Amino acid sequence: MSQKVRKAVFPVGGLGTRFLPATKAMPKEMLPVVDKPLIQYAVEEARDAGIEEFYFVTGRGKTIIEDHFDRSYELESVLIEREKNALLAELQASVPKAGTVAYIRQQEPLGLGHAVWCAKRLVGNEPFAVILADDLILAETPCLKQMVTARDKMGGGNMLAAMEVLPQHTSRYGILSPGGEQDNLIEITALVEKPDPADAPSNLAVIGRYILEPEIFNLLENQSRGAGNEIQLTDALSAILGTSPFYGLKFDGTRYDCGDKIGFLEANIAFALHRADMQDDVKTFVTKIAQDA
Ligand code: UTP
């Protein structure tokens, strides 16, 4: 039986340059898809997967995220006064329980690997999940839950979410080199960062969900800067390969890259089309806009 994954790290220290000017003063993770910020989807996904403790690696200009996961007494009293009870209950339910949330500053955005390393003392010596909120996944069973279930079956180990991409798009992703495959679970033999299609070992891309054993922290601690002069998570993951089991799960669901403008627009339409209260209106206006264009 594998050790339970109880803790999740949410790296939210990035600058979000692909989404400027929206992200100049507002964190990318607070961009709403329909009516909910990306980071709230990420926290809900973690909760659904059994996560009990939530660690945010933040940076300058990100305090609004702390406010979002806190009680808002003025707002709550207005909602009570106006008898908006369902909305009130929804807001209160979105606040994690006292003592289960912590924020740690990544003083400089030195890369995703560095952001994860910043959570080392909070996570301690146990397996943990990492969720990148800008990779939003629409799925019947939340992606992290699928990963936790698959990892339990394997008795533990490191795992990441993988998805097939168009062969001509490999240079946009971390790509894995697959070994054996069973039930959508692929043994990873190598990881290559953004390879040209001609050099790519497969078209299986790494998506922003990971379950990692704590050994990763030692590797990140001593790691020098890699591509883009940043401390890359992929480099530390590559170092783990061969020393500890490492799987990619081809999850069921659709991923939207909400750090990118087109991906973000797609996500808004797709999530709205899944909402019973708005799907008819959305279908009508999307069809009309497309016809008029
Ligand atoms: P991205 O590669 O999307 O970088 O980071 P970014 O800075 O957020 O956005 P762009 O590329 O400039 O538009 C992937 C994830 O890693 C986090 C980001 O917040 C995002 O969730 N990250 C990245 C950090 O927490 N710290 C960093 O130093 C870099």
Side-chain angles (χ1 to χ4, degrees), residues 7-33 37-46 54-66 68-69 101-123 128-137 143-144 160-161 163 165 169-175 191 193-194 205-210 212 216-217 220-221 223-237 255-267:
K7 300 181 173 182
V9 174
F10 303 87
V12 294
L15 296 176
T17 54
R18 282 173 295 152
F19 226 123
L20 284 166
T23 47
K24 187 177 169 203
M26 185 179 67
K28 168 169 77 174
E29 298 78 12
M30 286 302 292
L31 289 169
V33 166
L38 289 171
I39 192 67
Q40 191 176 330
Y41 286 99
V43 166
E44 288 174 1
E45 183 177 331
F54 308 83
Y55 301 136
F56 297 81
V57 182
T58 72
R60 264 184 296 286
K62 305 275 182 170
T63 46
I64 188 177
I65 295 176
E66 296 183 36
H68 185 74
F69 290 109
V101 190
Y103 299 88
I104 189 155
R105 282 262 183 151
Q106 182 191 24
Q107 284 107 336
E108 271 183 279
L110 295 179
L112 176 59
H114 180 255
V116 171
W117 174 81
C118 287
K120 175 182 166 147
R121 283 172 187 76
L122 291 171
V123 170
F128 64 103
V130 176
I131 298 189
L132 306 189
D134 48 354
D135 270 341
L136 182 61
I137 297 171
C143 181
L144 190 64
L160 51 76
M163 92 180 177
V165 296
H169 288 170
T170 55
S171 59
R172 300 179 187 176
Y173 300 92
I175 297 291
L191 287 166
E193 194 57 43
K194 302 188 170 69
V206 177
I207 298 308
R209 302 286 183 279
Y210 309 82
L212 301 173
I216 193 81
F217 290 123
L220 287 168
E221 181 137 7
Q223 194 175 292
S224 46
R225 296 188 190 205
N229 203 26
E230 292 191 337
I231 297 176
Q232 297 284 354
L233 182 60
T234 311
D235 293 344
L237 299 180
R255 169 263 190 179
Y256 298 93
D257 177 5
C258 291
D260 170 81
K261 293 167 197 182
I262 296 289
F264 175 75
L265 287 173
E266 270 183 305

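For clarity, every value in this text was computed on a predicted model and none was experimentally measured. Indexing begins at 1, ligand by ligand and atom by atom, following the structure's order.
Annotation: atom 9 (O) of ligand 1 to nearest protein heavy atom, Lys28 NZ, 3.1 Å.
Counting only non-hydrogen atoms, the option in Gly13, Cys258, Pro11, Gly16 that gets closest to atom 20 (C) of ligand 1 is Pro11. Among Ala42, Cys118, Gly14, the residue whose heavy atom sits closest to atom 18 (C) of ligand 1 is Gly14.
No heavy atom of His114 sits closer than 4.0 Å to any atom of ligand 1. Remark: distances from the non-hydrogen atoms of Ala133 to ligand 1 are all 4.0 Å or more. Ligand 1 lies out of reach of Gly259, whose nearest heavy atom is not under 4.0 Å from it. By the 4.0 Å heavy-atom criterion, Glu29 is counted among the residues contacting ligand 1.
With sequence neighbours excluded, the residues that form a salt bridge (Lys or Arg N to Asp or Glu O under 4.0 Å) with Arg18 are Asp257. Under the side chain to side chain contact (heavy atoms under 4.5 Å, CB included) criterion, Leu265 pairs with no residue at all, not counting sequence neighbours.
With Lys28 as the fixed residue, the side-chain hydrogen bond (donor to acceptor under 3.5 Å, both in side chains) test singles out one of Asp134, Thr17, Thr23: Asp134.
Between the side chain of Gln106 and the main chain of His114, no donor-acceptor pair closer than 3.5 Å is present. Between the side chain of Arg255 and the backbone N or O of Gly208, no donor-acceptor pair lies under 3.5 Å.
Distances below 4.0 Å separate heavy atoms of Val12 from the following atoms of ligand 1: 19 (O), 25 (O). Interface atoms of ligand 1 facing Pro109, defined by a heavy-atom separation under 4.0 Å, are 28 (O). Atoms of ligand 1 found under 4.0 Å from any heavy atom of Gln106 (numbered from 1 in listed order, with element): 24 (C), 25 (O), 26 (N), 27 (C), 28 (O). Remark: ligand 1 atoms within the under-4.0 Å shell around heavy atoms of Leu110 are 28 (O). Near Ala115, with a cut-off below 4.0 Å to any heavy atom, the atoms of ligand 1 are 24 (C), 25 (O), 26 (N). Heavy-atom proximity to Thr17, at under 4.0 Å, picks out these atoms of ligand 1: 9 (O), 10 (P), 12 (O), 13 (O). In summary, the atoms of ligand 1 found under 4.0 Å from a heavy atom of Gly111, numbered by their order in the structure, are 26 (N), 27 (C), 28 (O), 29 (C).
The aromatic rings of Phe128 and Phe217 lie parallel to each other, with less than 30° between the two planes, well short of the 60° mark.
With a 4.5 Å cut-off on side-chain heavy atoms, Phe56 and Glu66 do not count as touching.
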